[in-house]
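The shown structure was predicted, so the numbers you read here are calculated from the model rather than taken from an experiment. Just follow the structure's listing: the first ligand is 1, and inside any ligand the first atom is 1.
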Amino acid sequence: MEKIRVRFAPSPTGKLHVGGARTALFNWLWARHTGGTFVLRIEDTDTERSTQASVDQIISSLSWLGLDWDEGPKIGGEYGPYFQSQRLHHYEEKAQELIDKGAAYLCYCTPEELEAERERARRQGRAPGYTGRCRNLTEKDRVQLAAAGREPVVRLRVPAEGETVVDDLIRGRVVFKNNILDDFVILKSNGMPTYNYACVIDDHAMNITHIMRAEEHLSNTPRQILLYEALGYELPRFAHVPMILAPDRSKLSKRHGATSVEEFRHRGYLSKALVNFLSLLGWSPEGTDEIMPLDRIVAEFSLDRIAKTAAVFDVKKLTWMNGNYIRELPLAEIVTEVLPFMQKHGFIGAEATPAELELLTKSVKLTRDRAKTLEELVDVVSYFFSAEFQFEEKGVQKHFASAGAAVILETVKNLVSSVTSFDQQALEELYRARAKELGLKPAQLIHPTRLALSGRTIGPGLFELMELLGRDQCLVRLERALKFVQDELPAQLAAAEKGTE
Ligand code: GLU
Ligand code: ZN
């Protein structure tokens, strides 16, 4: 069987976008599914817009997603170099061959002349493509133009008649009339290749068997096919994956929120969840399961289950999936994932102590059901690490503002100091017993306690929370709440009263 070779070929002109990540992922999945090779090639011939920072960014995002390449930057490979800017001689050589064969020619038109031509075409209601002015220059013309200081580009001679057919594995047969494809530039006057040209030279040189890329490249494909033909190369298979739209069915853009992989990472999405989510943008497994571990996705991935219709990027669904992963992955893994976020927010120092790690593990275990992102997880465990929280406003109104609040907090304090063994069960029993003695419902003790200990009105089971905080910390916090209720709150309430008068 033929060995599959696929590639991801980003232009380093910005961060890795989720659309690019989806393309990379599909190629990677196809390589891993078939036991083939996944190549990473950096298309950096646009010297104005390409940056090293973007290269680094793309590499770090791919690595974070776990999309490892078999050939490419950092690791090399037998078809390198994998940066187009280091392959310029290939493009020049092949362009010369095409010129020698008469399949390409030098064009000396200046930008102004080309603009004037386009303008004329517009006025006459014709398509604004290049008209082929330099197609039949004589040697003498060329010498003269060169002597006048004109720097030529190289254009491919495109047949005026006939059609070029893209036989796409996903979209089927797509036919393009050649008369809409003008003699396009393959080498610019500065010697740099254009995208369509460099892409063909490299895909052939690197023995790529399947070209899987975004649908927006479908219109480039007939030009590339003409190049394959002119060069006498065998065609690879093409597979154009469907577009990704925002939920309002417009093009996904910044105004819909995060669009780069890095942003999702910083907002506390797990790479496993993002990969799972991206795998379903245009591909679907046979079953109905959506949450799928990567090895299952690899096993089930196939090109014939890639859709033609656009996929919708629904962040709500991604967030739901992420919550699912936060709940279900091994606890130690989530702790490792959330640790840098805890450090970023200053709840844990740069060097986490064993005690901090233990507290983090236990508090994550208690609360992870309540978080859909790692940022949310930081929020729901934060009060285990710091008592410097504010009491939630609506909780204060409900549980601290009544006349009996201080008495209740005193009662709880006594209870906390007197309970013999400080564990959930003993605490729960004592709470119930004390409530009964006082003619209260247990909730009348529980709610104020939770607010005093965590600043919040909702959270994990109170007795588990208390056990984890420990007796001393509970007493400190109850004392703080009591002070607040006795010393600060009356003044606040009086001020509020005045304000509404
Ligand atoms: N450099 C192109 C891009 O980033 C590659 C397209 C392709 O895969 O052929 O869009
Ligand atoms: Zn010309």
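- Asn27 is listed as a side-chain neighbour of Thr23, based on a closest heavy-atom distance under 4.5 Å.
- Smallest separation of non-hydrogen atoms from Phe313 and Pro247: O-CD, 3.2 Å.
- Taking the six-membered ring for Trp and the full ring otherwise, the centers of Phe341 and Phe347 sit at least 6.0 Å from each other.
- For the pair Arg150/Thr110, a side-chain contact is recorded, criterion being any heavy-atom separation below 4.5 Å from C-beta on.
- The protein residues lying under 4.0 angstrom from ligand 1, judged by non-hydrogen atoms, are Arg7, Ala9, Pro10, Ser11, Glu43, Tyr195, Cys199, Arg213, His217.
- Around the Zn ion (ligand 2), the angle linking Cys107 (SG) with Cys134 (SG) is 120°, rounded to 10 degrees.
- With contacts defined as side-chain heavy-atom distances shorter than 4.5 Å, the pair Ile211/Arg7 qualifies.
- Aromatic pair Trp283/Phe26: ring centres not closer than 6.0 Å.
- Among the atoms of Tyr130, an N, O or S atom falls under 2.8 Å of the Zn ion (ligand 2).
- Note on residues 67-83: pairs passing salt bridge (Lys or Arg N to Asp or Glu O under 4.0 Å), not counting sequence neighbours, are Arg5-Glu71, Arg32-Asp68, Arg32-Asp70.
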